Each structure stands twice: as C-alpha cells, then as structure tokens.
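Here the structure is a predicted model, which means the values were calculated and not measured. Below, chains carry the letters A, B, ... as their sequence lines are ordered, and counting in each starts from 1.
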Amino acid sequence: MINYNGMEAKWQKAWADARIFESDVNDKPAYMVTAAWPYVNTPLHIGHLRAFGTSDVLARYKRMRGFNVIYPMGFHATGTPVLAFAKRIKNGDGEIVEELKVFHVPDAEIQKMTEPAYIAAYFTNESRQLYGRSGFSMDPRRSFVSTDPQFSKMVEWQFAILNSKGYLTKGRHPVGWCPNENNAVGMHDTKHDVEPEIEEEIAVLFRVDGEDAYVLCTTYRPETLFGVTNMFVNEKSQYVACRIGDDGKRYYISKAAASMLKYQTKVEVIEEIGADKLLAKTCINPINGSKLPVLPGFFVKEGVGTGVVMSVPAHAPFDYAALERLRKEGRLQQEIKPIKMLDVKIGRSLSDVSTGDAKPEHLDVPALAYLEILHTNVDAIDDMLEFATKLEYREESHWGKMLAKGYEGMSEPEARERMKKELASGGNAISIYVLQNTPVYCRCGYEVVVKVVEDQWFINYGDKAWKEEAKKALGRMKLLPDRARNAFDAAMGWIDMRAVARAQGLGTVFPLDKTKIIESLSDSTIYMSFYTISNFVKDIAPEKLKPEFFDFVFRGIGDADKVAASTGIDYSIIKKCRESFEYWYRDTSRGSGPDLIFNHLVMYIYNHTAVFDNAYWPKQIVINGFVMSEGEKMSKSLGNIVPLSDALEKYGADPSRMNVIAGADLYSDSDFSGTAVRGIQERLEYLYNAAMGLDKLSSGELKSIDYWLYSRLNGKIGKATIAMEKLELRDAYISIFYDSVLELRRYFARGGGNGIVVKDFLSGVALMLQPMTPHFAEEMWHALGNGSFASLEKWPEADKDMIDAKAESMEEAIEKTLEDARQAIALMEKKSGRKAAALKLMIAEDWKRKLVGTLAKERRVDKAIASVRGEAGVNTEIASRIAAMLAKRMNELRPVDTAQQDEYAGFADAAEYMAKQLGCRVEVEKEAASKSERAWRAMPLKPSLDIAF
RNA sequence: GCGGGGGUGGCAGAGCUUGGCCAAAUGCGCAGGAUUGAGGUUCCUGUGGUUUUAGUACCUGCAAGGGUUCAAAUCCCUUCCCCCGCACCA
C-alpha cells in the first residue's frame, strides 16, 4: 500500500530544495499559465482541485515539452463578499459558522474573522499550503492580493487608459437595494443567497371614467389588452392617489407599490384611500375604450407590481377563477363575458393529456379549458392555478395566433412588441422596474426593492470599434475546447454597458468619482500581466508606481532613464520589469470555468485589446467543467461539498487529481467518487509493483509479445501527445494510465517477461504520468533506477518504427478467436453435456489473403476470383463461394498483411495461453494440411475452429 | 422569452468536426467462476434485445418523427425534453 501523504511530502521537499518551479527569464521559450484566482474568503474544495489542477497539468506538460513555464496564482479580495462575510461573523450568524466548520476552521480562528484583513490573511495562508499539498507547481513569489496597493496603482492606470479612449460613460441604472441599510444588495447580501432579479416591465394607464386620473397596472402581457374585461384590486389593501415622475398625472396604485416605486422615480402621495374607493370606479381600456369595472381579486398582492391587475379571464386562469368565485358568492353585479383574443391548440405540449379532456364549448375560454385538461377547477389551490397559468402562457406564446383586429395571425411575442410600442408612443404606458422573484430579503431582514441609480458609471463594451478589436483578438485565440467558441461569440455580441462603480466594497477608488469603488470584476481583467512584475514591485512604495512606470513596462512608451528619474524607482528594476513582461506575456494560457465566459473572460479579452499591443493579447483560454460529488451537484444546501484538505488527507493528491481532472472531458463535469479514486489507487499500485518487480524478470531475445508491447507504448505516446496538445486529458490518461495497466496484464498473461521491455514501457508511462500524478511519477521514476526528476525530463517521443501493425492485429486476432472459441465451446458443451477436450485452429491459406486483398481493392468479385485462379491448392468453386460471402460486406473488407506462416507462428505461440484460458488442449495447423471438414472456413486472421471431445 | 450546451446500455461517459472499418472505448454497477475459514481484497469471464444450422452471421437499437445517401448516432428539417447564463454579481 502506497502512503501517498508520505510520498507527497517527500517530493514536495525535494522540489522545494531544488526550487525547480521558480523560473526566471532565460533562453528557453516562455509559457505562462494562469487560472482564475479564488475569492479570498472561499475555503478550497474539490472543485478548485480541478480548476487549478488542469492548469497545473498544462504547466507541467509544457515544461516537459521544453518551455520555461510560470504558473502564478493570486487572490481576489475586492468587492463586497468579504465585507458581508466579516459582518456575518460579527453578528454570530450560525449558518456561516457551520459552513466554516465543514472546512475544519478552528473556533478560535472563526472568532477572529471579524476583520477583512484577517480573513484574507487566514485563507491565503491556508490556500497556499493546499496548493503545495496538491502538487500545484506554482511560483509562490508572484502571488499577490487584488487589494494590494501596488496592484491598485495598475488598475488606476488601466482605467485612465479606458477613459482616454472614451470607453467610460455615465447613465441611469437599476439595482437591488436595501431600504434599511441604504445600499445595493447582490446575491451574497440576501437571505439564502438569492439573486434579486430585476426586470423592466410595462405599466399601462387605465383612465378612470369621469375623473382626470389613472389606475396604473403592470403586466407581462400587454397584448392581452384586447381581452381585458375588468380590473382587480385587493380589497383588504391600502391604495394611494399619487403623482409619479414629472408628468403631472394623478395615479392610483397600492400603498406598498408607491413606497417601492419611490426608489425608482419621484413619487408624491396625494392621499391614502381604501380599496373600497377603487372598487366604486370604472376604468377605460386605452386601446378600445371599453368600460372596465374594478373588482376584488383574491390573488392580488399589494406588493407585486402596482397592486392592480388587469383581468383577462379568457387567457388567465387566476382571473377566470376570481370572477367565478365572485359569481358563486353572489358578489358579481354585472355579467362579465371572457373575451377570447388568441387561438391555440390546448394541451399541445403535453403528451399524456389531450384537448379531448376539455369540453368543446369551453374551448372559447382557454383558461377554463386549461383547468379542465389538468382535471381541476376554479376552486383549485393557488399552486394548481399557477401551474395552469404557466402552461397556458407557454403554449400561447409558443403557438398562439392573435385574433384581434389589426393583429390577426400574429404570434404573441410579435404582438407584444408591437403593443408595447403603440402604448408607449400613445402615452398610455410607462416602464417600471420590478423584482421578478419577490420577495427577496436582505440579510438584515428588510425586503429588497429596486432602486434606480442616477449618474452610474459604465464601461461601454458596446463601443463598435472596441468590439471589433475584441472580436479580432478572439478570432486569433485558441479555445480549449473549441466548441466553447459559440458561447464566446454570443457573449461578445451581447455584452454592452457594464456598471463599473459601486458605493461600497473593497477595491480601487474609481478615478472619475472618488466616492465610488471599481466594481470587482472590472478591476481584474488584466491582472495576469501583473504576475510578470509582481515579484519586483512588491516592496516599492505605491506612490512611486506612477502611470509612466506602467506605460513603459507594459506598453514600451518612454525610456527607463526618464521613468527612473520621475518615479524614483531603480533603473534596473524598471528594466527588469519590462524585460519580464515582454518575455512572459507573449505565449499565455488562461484557465477558467464556463460560468465566467459571459463576464470575466469576455472582459479579459476586451481590456487586453484596449491596454496592450497586439503581441500581448490573449493566446489561449481553457474552459474546464465543474466537479460533482458522488454523482450529485455540490452545494451548501446538500452539505456535500468536499473540502480539498479532506480529499488530500483521505486519498492523496495524485489519485484525487487523476479522478477529478482526468475523470471527464475538459468541458463537462467530472465526478469525485470514492470508488473511482480507490480504483485509481489500485492501478497506480499495480504499476508501482511492476516497477518494483523488475529485477525478477529476465532478459533475452524479443518475442512477438515484446514487439507488441513496444508497439502499444509508441502508439500510446503518439496518441497521448495529440490529446495533451488539446488538453483532452481524459482521452490522454485513459491511454496513458488505464490502458497501460490492461496492456501490462495482457503482456504477462501472454507469457511476456522481458525486464528491459517492461522497464522501457514503465519509463514511458511514468514520464507521461508526471503532469497528472507528479508525486507518484517521481516515485516510480526513481524506482526504475533514475536519479533525475521526472518533472524535468523530456516528454517521450514516439518511435514510429516501433509501431507494429502486424503484431497488434495478431494480438487482436488471438483475442477475437479466443472469444469465438469460448462461445462455441460453451454452446457445444451445453448441447453435448460433455467437456471439450481439444480445440483445433486452422489457419487460412495465402491465396485467401490475396482474394480478400483484391476484393477490398477492386471491389469486384470476378477480378478477385481471377486473381487467385490457378494458384496452388485453389478450388475455384470454394473460391467463388468465399468471394460471394465476402462481397456482402464489401465496405468492411480490409486487406490482411499477415502471411499464413506468420499467422501460424503467432497462433502457435499463443496456443499455451489459449489453452490456459479455455481449459482444453489447443492445436494449430494450416488449412491445407488439415483433415478437418471445417478447414475450408478458415479466413485470414480468423482461423476455423474444430472442437473435439 | 433570448442565448449557449446537451439527450447514446443499469449509471457515468466515448464515438458526431472528416458518414462506411463502429454502436458502446474506459470506468462504475450487476451476475457467474477462481482465490479465501468467512467477509473484504485480488484475478478471470459475462453484461442492449433477438434469431442462429457449434463460433466468424443476421435483424433491431443512439430523445421522437421525417429527409438526403449505395450507406446516417454522425449531414439536413420538424418536434419534445434536460442543464447553464441573462449583467453590476463573484
């Protein structure tokens, strides 16, 4: 049993002593690998092992391919999460304490985490240790935190460039807002981490009959105005008359709506009224002038929208149900007839329900028909009505055809857009922002509202010229896997204004408004370039890092003398920084998760084109998938997040790496599973034991099985190298790792036992394992008698001459024949009730090889027969019969290179092995020499079988 | 809704770019056998369905339906379903 933790400690120490992963500028070609940095209050889990490990595999592979590689890693601390984190600790939030305990953070440490600086210090320290234990070959000297003042200076410089290019603009912007704490709230500020989803919605003005006033009503479906029969309010709610904005009109909305709306625009309440006042009024439909009574609706919520709902009973189950319930209670004064304004085949999207379930006469009231096909009615609970509503909305918007005049035949989305335009241009609607997923609560307990921030600063990613540059950069980049390109193209076309300044959070002060902080994704778009100089500028006073310093280092503007004079920085350091940047930043790879394509990665490309010369634009992006735990998605709520430290402790770094990194395709999710990791451990041990057992093996002349193993090794090297270049790690390591174990087992089972051959094989495997299982590879490399570091060796080269197609097809034939024989023997033994005593293999004559070859090439039966006619031992009748048989599978025919003598020798060599496998004697003879009636059936590499009892 | 990705044995997942050698590599699970005092481990074998004259064969099968082609998991069209993102949030 291998003690992984001991082995890892041993090699980590050895590497540290040799300082082999700390690279500086030298004569080798440079390669820089970066991975998206972790947020500073996030304890590392198994998902990080995949993200950072994938980059580590790339870094290690590239080193073996002769590159000088750096793999630096810093920490992200800007933004609000770390502040929210500190606050929660301060407030004794039990939830977060529980989370931290999962990661074995001691109580004493948790107590101290009330200061952001302490949190950062604690987790950066923890993470660095875990990087080491995971075998990440990172350069620790280049690590920095996004709140470091030296880095802030670079961000300021970057934003000055963006501003000078006119990429920073100002405007209005809606945000989620806590009225109690008076600040913007994002996901991590809300209870249960809910993202406040803001949506712009249309609010229709319904004039009140006989009054110069309007009832304001939000709706998702303005096109259903054609079907409105009445209005609904909540009879228990308070309403207000008010003025909204500057239009001077008098509006009626719920009191709750008024207090939310005031965060978006000016709201002046004139008077408070009870719902009864509204119930006495009649509204006018703005599109056709019809009169709409105001009625009580049981489902109307004062805090949703404006607290007023327009009723479309034909197309909304809630509205229909509300009217019917009023009717039953005898509270409906007048007849209200649903107005159908949209035609759709009801229940079309359901396979198990047919429209036959709805009574035909009800098809004119689709809302009712939908209730019927779901086998429910107007008294259903709200959830059921909600379900019917969703179904109806979906089918209608998908397949519905408008019936209303002027809109005939239009699809619903099309009609919606047109109606919106008409309403807006006629002054019959205004737009307001609403929270789509109400209610959302701030962690302080207050309900979140939408606030419109005036004077918001944006980065204008919609700028045409800039977008062109970014697209150009993207077009030249390598994406791994390339199928992510569609997502990039889409994101690139889509990204537009991005709010860039925030009122609170850690980070760099926004230069154009010193009361604001630069938003935290925007301050980390070119930070990777800072790694090239971070080790040199660490101790330089931030105020010395003036724009001219960065201009010179990153853009080659000016000269070092003058920069030294004006900044007071050492001339030699300035030169070193420039040299380092130019050396390291040409050939780079950026690793990241798929969730970052739509923001960080696109911004990364954009900002590089804005700041750097195109020689330093991004070259490659690698997207890796997530990690599941035992087949389930890891989440806080499931409590199944596997801390990285636990995985390392329990299984060791190498088996965990293999499982998580090579366990799935680059882009898809991999599964961290105990059984899979144990399976990996067992195979690693098999390989290690094979290396330890080498001295028991003999040497001597090479047999065919030895050539086979060499062939497999060299084929494997070629295959794995191609896969590694594309970072198809699963493919590569199935071949390098899993297949190698199977091949060795087969080699020994087939009587192989040449120590030199096995050693060559294991050496190749050990070297190719190095990027994935670095500690184990060193251990094995040394067990094979080498004194060097596997991590500093060259990646093996395939020797094409050693790839022996004949040896491989011979082995395949043996295996296939074995399978056939097993089946035939089983069948015969079952039938006869006796045990088979012997198996005779008859090897096809050479003329059959010629026949197959000609047929495969010429694809004509007559030519094939002609080609063998007259040859020794050829019976034309048998030849035609065989040719006809083969012709049926013409397209699958492949010429066979192996001559009868070689095939005979191959099977003769394998006879002992086959006998052992089958449990009976195995004899081999040539077709012509055989007395068996079945001999004629022999085909090249498919011997005819004869079973004797 | 819009955008992106996907649907293949009991499960995870190859194969799709470039149609034929190819349906299912590899792993897990399951079943049988060997080893073992038992369990576990390990090793071997089998594992979509069906027919079959002893095996090499054939049929059927890659979400559903249709098309192109001598030939389709692969190309085209239609439909259904699942996952992710939709912004100021890391």
Exercise. Relative to each other, are the rings of A:Tyr527 and A:His600 parallel, tilted or perpendicular (30° and 60° limits)?
Worked result: tilted
For this session: Take atom CZ of A:Arg498 and atom P of B:A87, then tell me their distance rounded to the nearest Å.
Result: 10 Å
Exercise. A:Asp946 near the nucleic acid: base, sugar-phosphate alone, or nothing, with a heavy-atom cut-off under 4.0 Å?
Worked result: base
Exercise. Quick one: does NZ or CZ of A:Arg498 land under 6.0 Å from the six-membered ring centre of A:Tyr606, within 45 degrees of the ring axis?
Worked result: no
Exercise. In Watson-Crick or G-U wobble terms, both distances under 3.5 Å, what is the partner of B:A23?
Worked result: none
Exercise. Is a donor-acceptor pair below 3.5 Å formed from side chain A:Arg934 to base B:A54, judging by atom type as modelled?
Worked result: yes
Exercise. Contact class for A:Arg416 (heavy atom, under 4.0 Å): base, sugar-phosphate, or nothing?
Worked result: nothing
Exercise. Taking the C1' atom of each, how far is B:G7 from B:A57, in whole Å?
Worked result: 32 Å
For this session: Return the nucleotide paired to B:C80: Watson-Crick means purine N1 to pyrimidine N3 with N6-O4 or O6-N4, wobble means G-U with N1-O2 and O6-N3, both under 3.5 Å.
Result: B:G7
Exercise. On a whole-Å scale, what distance lies between the C1' atoms belonging to B:G4 and B:A73?
Worked result: 22 Å
Problem set entry | Syn or anti for B:G9 (syn when the glycosidic angle lies within 90° of 0) | syn
Exercise. Below 4.0 angstrom from OP1 or OP2 of B:G27, is there any side-chain N or O of A:Arg683?
Worked result: yes
Seminar exercise, completed: The nucleotide from B:U56, B:U26, B:G55 with an atom nearest the side chain of A:Lys942 is B:U56
For this session: Check the side chains of A:Thr508 and A:Asp523 for a donor-acceptor pair under 3.5 angstrom, ignoring hydrogens and angles.
Result: no
For this session: Pick base, sugar-phosphate or nothing for A:Ala490, based on heavy-atom distances below 4.0 Å to the nucleic acid.
Result: sugar-phosphate
For this session: Pick the C1' atom in B:A24 and in B:U60, then give their distance to the nearest Å.
Result: 16 Å
Exercise. Using purine N1 to pyrimidine N3 plus N6-O4 or O6-N4 for Watson-Crick, or N1-O2 and O6-N3 for G-U wobble, both under 3.5 Å, which nucleotide pairs with B:C88?
Worked result: none
Exercise. Considering only the P atoms, how many Å lie between B:G67 and B:G15, rounded to the nearest integer?
Worked result: 29 Å
For this session: Tell me what A:Asp595 touches on the nucleic acid: a base, only sugar-phosphate, or nothing, going by heavy atoms under 4.0 Å.
Result: nothing
Problem set entry | B:A25 versus B:A31 - spacing of their C1' atoms, nearest Å | 22 Å
Exercise. Contact class for A:Pro940 (heavy atom, under 4.0 Å): base, sugar-phosphate, or nothing?
Worked result: nothing
Seminar exercise, completed: Paired to B:G29 by Watson-Crick or G-U wobble criteria (both distances under 3.5 Å) is B:U47
Problem set entry | Euclidean distance for C1', B:G48 against B:G9 (whole angstrom) | 5 Å
Exercise. Base, sugar-phosphate, or nothing for A:Ala487, non-hydrogen atoms under 4.0 angstrom?
Worked result: sugar-phosphate
For this session: Would you kindly check whether a donor in the side chain of A:Arg483 faces an acceptor in the base of B:G6, or vice versa, at under 3.5 angstrom?
Result: no
For this session: Determine the Euclidean distance between corresponding P atoms of B:G37 and B:G49; express it in Å to zero decimal places.
Result: 36 Å
Exercise. Given B:A90, is OP1 or OP2 found less than 4.0 Å from the side-chain N or O atoms of A:Asn599?
Worked result: no
Problem set entry | Nearest-angstrom distance, P atom, B:C28 to B:U41 | 12 Å
Exercise. Base, sugar-phosphate, or nothing: which does A:Met939 touch, judged by heavy atoms less than 4.0 Å apart?
Worked result: nothing
For this session: Report yes if at least one side-chain N or O of A:Thr675 is closer than 4.0 Å to OP1 or OP2 of B:C28; otherwise report no.
Result: no
Exercise. When we call it a touch if two heavy atoms are under 4.0 Å apart, what does A:His600 touch: a base, just sugar-phosphate, or nothing?
Worked result: nothing
For this session: Establish, with yes or no, whether the OP1 or OP2 oxygen of B:U56 is under 4.0 angstrom from a side-chain nitrogen or oxygen of A:Ser944.
Result: no
For this session: Please report the shortest heavy-atom distance between A:Phe123 and A:Pro43, naming the atom on each side.
Result: CE2-CG, 3.8 Å
Exercise. Looking at A:Asp820 and A:Lys816, does any basic side-chain N land under 4.0 Å from a carboxylate oxygen?
Worked result: yes
For this session: For A:Lys716 and A:Ser740, test the side chains for any donor-to-acceptor distance below 3.5 angstrom and give the result as yes or no.
Result: yes
For this session: Go through the side-chain N and O atoms of A:Asn460 and A:Thr169 and say whether any donor and acceptor fall under 3.5 Å apart.
Result: no
For this session: Using a 4.0 Å heavy-atom cut-off across all strands, classify A:Gln456 as base, sugar-phosphate, or nothing.
Result: nothing
